[in-house]
Amino acid sequence: MTTNDRKTDRSTKANSSGTRGSSPVLSVIDATGKVSRSRDPSLSKEELLKLYATIVRTRVMEERALNLQRQGRIGFYVPCSGQEASHIGTAAALRDEDWIFPAYRQAGIPLLRNVPMQQIIDEWYGNDGDICKGRQMPVHYSFRQARLVSISSPISTQLTQAVGAAMAARYLDEDSVVLSYCGDGGTSENDFHAALNFAGVYKAPVVFVCENNHWAISTPLECQTASETMAIKAEAYGFPGVRVDGNDILAVYQVAKEAIERARKGKGPTLIETLTYRMGPHSSSDDPTRYREANEVESWRQRDPLDLFRKYLKGKRLLTQAIDDEIHNAAREEVNEAVKQAEDKATPSVSSMFEDVYRDPTPQLLEQRDDLLSLGEASAGSEGFFPL
Amino acid sequence: MTTNDRKTDRSTKANSSGTRGSSPVLSVIDATGKVSRSRDPSLSKEELLKLYATIVRTRVMEERALNLQRQGRIGFYVPCSGQEASHIGTAAALRDEDWIFPAYRQAGIPLLRNVPMQQIIDEWYGNDGDICKGRQMPVHYSFRQARLVSISSPISTQLTQAVGAAMAARYLDEDSVVLSYCGDGGTSENDFHAALNFAGVYKAPVVFVCENNHWAISTPLECQTASETMAIKAEAYGFPGVRVDGNDILAVYQVAKEAIERARKGKGPTLIETLTYRMGPHSSSDDPTRYREANEVESWRQRDPLDLFRKYLKGKRLLTQAIDDEIHNAAREEVNEAVKQAEDKATPSVSSMFEDVYRDPTPQLLEQRDDLLSLGEASAGSEGFFPL
Amino acid sequence: MTPMTLLEGIRDGLITEMNGDDRVLVFGEDVGRNGGVFRTTDGLQEMFGEKRCFDTPLSECGIIGAAIGMAVYGLRPVPEIQFQDFIFPAFDQIVSEAAKMRYRSGGEFTVPMVIRTPYGGGIRGGHYHSQSGEVHFTHTPGLKVVVPSTPADAKGLLISSIRDDDPVMFLEPKKIYRTLKGEVPEGEHAVPLGVGRIAREGTDCTVVAWGAMIEICEKAAEELQKSGKSIEIVDPRTLVPLDEKIILDSVKKTGRLVTVYEAPRTSGFGGEIAAIVAEKAIEYLEGPIVRVAGFDTPFPYALEGIYMPDVRRVVRGIEKTFTW
Amino acid sequence: MTPMTLLEGIRDGLITEMNGDDRVLVFGEDVGRNGGVFRTTDGLQEMFGEKRCFDTPLSECGIIGAAIGMAVYGLRPVPEIQFQDFIFPAFDQIVSEAAKMRYRSGGEFTVPMVIRTPYGGGIRGGHYHSQSGEVHFTHTPGLKVVVPSTPADAKGLLISSIRDDDPVMFLEPKKIYRTLKGEVPEGEHAVPLGVGRIAREGTDCTVVAWGAMIEICEKAAEELQKSGKSIEIVDPRTLVPLDEKIILDSVKKTGRLVTVYEAPRTSGFGGEIAAIVAEKAIEYLEGPIVRVAGFDTPFPYALEGIYMPDVRRVVRGIEKTFTW
Ligand SMILES: Cc1ncc(C[n+]2csc(CCOP(=O)(O)OP(=O)(O)O)c2C)c(N)n1
Ligand SMILES: Cc1ncc(C[n+]2csc(CCOP(=O)(O)OP(=O)(O)O)c2C)c(N)n1
Ligand SMILES: [Mg+2]
Ligand SMILES: [Mg+2]
């Protein structure tokens, strides 16, 4: 079946600033790093540098992750390079008490929310320091201390849950807001529809961020939907949708701030579409050269959100080369140290596999555990049954 | 959780003609039965009278069905009174070779497509004349000869299937179009989203009719969605949505005709929202006085699609009282005769229960059948094991 | 003690928990204003207000997804799915999300939620208002699966389910919603999960059944009593966690086992019970383990009475364990 | 005969049927341009064009719903679900629609469709890239359930499935996609559905397994051979329809039965096989029926190797049928 003859322009030009069709795309930083004054969210120097450092730490962490994966030291990785501004910028507009239901490609958020690097990297290794006890693939984090809810693989299931959490917050008369993410592919799933519909009906204090990186693995946007934009989909649910240049962290922050405050005031949900691009493969198992053009990737590299933000900061004289180097070095050291520690940790115990299925294990689980353990003991002498 | 404070006006006034919000509602016949000339689809007298007779036959058939149900002679019924124009008008715009994937509330379509009354009423009884072999509840028809695909209970599942059928038609270079129905409640389901999205992406020759009767059992529209209209939801999928007065059969026909021809020409899908009202209960198990106001029902009764069409036909001198009586009498007789015959038919055989699970029964099914039958024989002498 | 139907027992359980715990919310399609299509939630909206008992859009996916989010946030949602046959649009949320949340987060996030849903045949509901899908849930680690068979248990098990810290599938045998009456303790009444009951004592053959099948088995046992066979009926009450001991003890005593269930025979939960006994107590068996179940066809309409296990088939099933 | 991996066998089966029948369409997430995330459909889009092999939006519900509509209209769709773990958004379409279409329409409408999907552990995929959900389908009358365990069967069973007039769940053991190699007949090669095979002949104990578990059982059998125990391995190939006879005949010969499966133990398909044997051949059994299965937990990541049945556990399971 050939899809719709429409051909989407995935280059940065179509998306950067200005309008496409009837949908304006908000952009704050221009290609030279200058800012349109009227829209500058006017963050303090500390705030700006924390955002910058978070992007850098995310980038450094990821480079290492892909390396470790290639060396077979961790099993899998999902890089987000190119999309850091999109999720770090949106999450930065939250208050600490607000909740996040992420997808799997928002690696910068735990760092932004001060989750120790060690906890993140322990998760990659699935070692006994991992909060998730080695039960999930790398990048499927759970950080309660950061109000970042457990990530799963099925696409978009977090969205309806986010709405429920927002309804709960409202029921409890708390004024926290819930932020949830999905990809462009994620808009096609059942939960996207149910979530936005419920959010509209109950006016839940939730903000949805659709990170439109133009691809769902190898599936291009025009094969995902014939909708003019992702933002327009919000109209089908009775609330506003906005488009923003997802590589421009100030624009992203600004748009998120407004949507979050709207939600907090009881004015209901917003769908934010961030236009962005994943510069790397879908995951460590993916070979993007099979399905996309080098020049498309290159055109987006020219608008790397890290470079763009650096230009802005340097232009404003908020960042010197020395500070930049320091940030990079600190990040590298932080990662090195965490990797070292993670590699020294043990695999979770065999009996831990039977925990947390329920609050209290059923008799069946205890029996299965004991049965398994007895086998281990019986043969431990010969070849060592539990190799991990 | 209280829903959105928005309060939908469900009265006919808000919906009849003119515009509501930004969405125009197409209407052709006014309250006096007069027609806005420019939009009259100019059907022939025969065509108009067939439409009229189909509404009457549907109405007469249903009155009888509810009666039979109350008497315990059939198990269940789902009335569509008030909505006949909406589905008969849309389906009438099809060609014979076009396919239909209905929901359960389009009882007029089989009649329009010349399915014998007997086959319909045999289905209510689930007797051995029933095409479905007594396997489904009443009103879950399947009429291959009318290209009307088997109806199921789960809401909106027919919509994605309709898209697949339309894709198949296009793949086979046939120019048939597929029409599919759902209710206002049905727009909230997973399949609504998937279906419209696929239809948009593949530009499938399919037309969706959302019969917005303002209620999903006891759930009012404002609790179903915060969307301004149902029609607007089409924009999220990149194709047009239109609203039409669903009680005005000429308007419905006109809108459907355009959408169907559009689809046939390869221009893609349309979502038609027909504004209508079910005048009776959701089903024979439902008591609508628990949840809706008498005056709301009354206001819609004033715009009964049968009366409206009659006014039009009489105004145009296409229908005399004598012909009207004849149509009614013929319908009554047709129904009486079919009921009589249906009641004389036997229950499907016990062994038929094991057929059609697969093309050929598995050994397991044959064993289960024989085992069951052997029990029947063993005890047939005593109290008669198979009472049906 | 008050005489109640099974349905009233459930309603009483809901009221008890809503009174006792503000975090308990009831919602679903038509549960509010209409009080549920079976009237299980009748009057709850008036009693507790629209914030605690409300109608939802027609989306099981949304209902369960939102319920999970509420539970994660700290509430105790009790969503209703109108018929178990209509749970499948929410199946992904149930098996991929609710069931795995505690495990995958190392215990950080939990889903204390009770999904109430009517299941089973007996109301002439045909394909889509009659199915018994318990196995889809018993095969999903992380879910508990509860099936009451008396009004008192309906209340008591529901209360325990709502107090439980894990997601519970609460399957209500709709056939006996109104036909089964019994004494129900007033106020607080919690029947623990994981503890079966002997519905009838006997010595010659064990029958394991649940929900609406219990009364069929009781009639079959009466019938067989006439020919001197003493039948023990075990109602596990909760399929997960399963009280294996009560089943094994009974089989060890009687030497015979029949399982009775409404779902299609292949891969039904009675097969699981047969497999447990064939692994752990085969040496006690004096005959084959017989299953009396629905057939491996979709649930029919006109022949519903033939499809569902009835007294004759149960009697014959039991007899087969004696002469084979 | 050509040496192929299991994955190549599947691809060859697809090509054979696409060549032979214009009505065969292949689609799903990333199956077109990318040739599938496992490369099972590699090159098909070039060979057959975008009309016959194409990518879809990220919606399993849409993929299967549309496939059903195509099948009803007269095509033979072969949709792919990227991982079986992700089939649940389409579960309603599969169990409520595809499975029941023929029955509910009295045979008027049918759904000749093959849903291909990789299942099972062994690739360190954690919770959501490792599950074995066959029971959800074996418990749904109207579906056939096929699991190949050799490259030749992968091709031959797939061809039969595509030619079958009913909906088939074609579950591909991804663990052995590339690791298992074997000779595959060229061109037309159809292995009938419903006919099991003896993967290894033996006299002392029957082991029933399928998919990637066959090779584990073969290793266990080798191991036990050393101590003089002769193990027969039965691969049913299709779980529905099940070749009961080949299982019962084997058990009658050996007097012992072990079932091995990756899915969680409770309500797994090995329990169904145990139940069948406990009903139909209990008098031949000389020991308990033992199940070696996944544990009743979600599928773990770091401890995958411990979770999945391995040679040790299978050996011990078999030994239990001798000494208990
Ligand atoms: C329900 C489901 N179907 C399929 C997959 C396999 N899968 C993982 S990521 C992905 C693409 C997601 O694309 P998008 O939503 O655009 O997010 P992105 O990866 O681009 O951030 C797919 C198909 C899945 N994880 N879950
Ligand atoms: C998946 C699913 N959920 C719930 C039901 C129960 N149910 C039957 S009809 C109905 C309301 C449908 O409302 P709508 O779509 O507006 O159609 P209408 O009945 O008004 O024509 C509900 C909830 C169902 N049949 N299927
Ligand atoms: Mg994407
Ligand atoms: Mg409606």
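Letters A, B, ... are given to chains in the order of the sequence lines, protein chains preceding strands, and every chain is numbered from 1.
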Roughly how far, to the nearest 0.5 Å, is [atom2] of [Y] from [atom1] of [X]?
X	Y	atom1	atom2	answer
A:Tyr104	D:Tyr128	OH	OH	14.0 Å
D:Thr297	A:Glu355	OG1	CD	11.5 Å
A:Ser349	D:Ile306	OG	CD1	11.0 Å
D:Asp55	A:Glu222	CG	CD	10.5 Å

Chain A heavy atoms under 4.5 Å from [X]: which part of the residue, side chain, backbone, both or neither?
X	value
D:Phe299	backbone
D:Gln45	neither
D:Phe295	both

Using a 4.5 angstrom heavy-atom cutoff, name the option from [options] with the most pairs to chain D.
options	result
A:Arg135, A:His140, A:His282	A:Arg135
A:Leu365, A:Ile217, A:Thr157, A:Asp191	A:Ile217
A:Gly126, A:Ser153, A:Ser352	A:Ser153

Give the minimum heavy-atom separation between A:Arg290 and D:Asp42, together with the two atoms involved.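 Between these two residues, the closest heavy atoms are NH2-OD1, 2.9 Å.
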
Search all heavy atoms of A:Thr347 against all heavy atoms of D:Ala302 and return the closest pair with its distance.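 The pair with the smallest heavy-atom distance is CG2-CB, 4.5 Å.
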
Step through the shown structure and confirm whether more than 12 heavy atoms of other residues, nucleotides or ligands are within 6.0 Å of CD on A:Glu293.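 No - once you tally the heavy atoms of other residues, nucleotides and ligands closer than 6.0 Å, there are 12 at most.
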
Top residue by heavy-atom pair count (under 4.5 Å) with chain A, among [options]?
options	result
D:Phe83, D:Phe27, D:Phe86	D:Phe86
D:Gly32, D:Gly49, D:Pro298, D:Pro89	D:Pro89
D:Cys61, D:Gly125, D:Gly62	D:Gly125
D:Pro57, D:Pro300, D:Gly126	D:Pro57

SB check A:Asp371 D:Arg316 (cutoff 4.0 Å):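 Yes, A:Asp371 and D:Arg316 are salt-bridged.
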
Salt-bridge contact D:Asp296-A:Arg369 (side-chain N to carboxylate O under 4.0 Å):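 Answer for the salt bridge query: no.
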
Could you please spell out the steps behind the side chain to side chain contact (heavy atoms under 4.5 Å, CB included) verdict for D:Glu304 and A:Met353? CA-CA 10 Å; D:Glu304 163 172 75; A:Met353 190 167 71; over 6 Å; no

Please say which of D:His127, D:His129, D:Arg124 ends up in a side-chain contact (heavy atoms from CB on, under 4.5 Å) with A:Met137.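 Only one of D:His127, D:His129, D:Arg124 forms a side-chain contact (heavy atoms from CB on, under 4.5 Å) with A:Met137, namely D:His129.
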
Between D:Ser59 and A:Asn190, do the side chains contain an N or O donor and an N or O acceptor separated by less than 3.5 Å?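 Judged by distance alone, the side chains do not pair up.
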
Does the side chain of D:Asp30 pick up a donor-acceptor pair with the side chain of A:Ser218 at under 3.5 Å?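 Yes.
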
For the residue pair [X] and [Y], establish whether any side-chain heavy-atom pair is separated by less than 4.5 Å.
X	Y	value
A:Pro154	D:Phe88	no
D:Leu58	A:Thr219	no
A:Cys223	D:Phe54	no

Quick one: what part of A:Thr289 sits under 4.5 Å from any heavy atom of chain D, side chain, backbone, both or neither?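 No part of A:Thr289 comes within 4.5 Å of chain D.
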
Segment of A:Ser152 engaging chain D (4.5 angstrom heavy-atom cut-off):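 For A:Ser152, backbone and side chain are both near chain D.
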
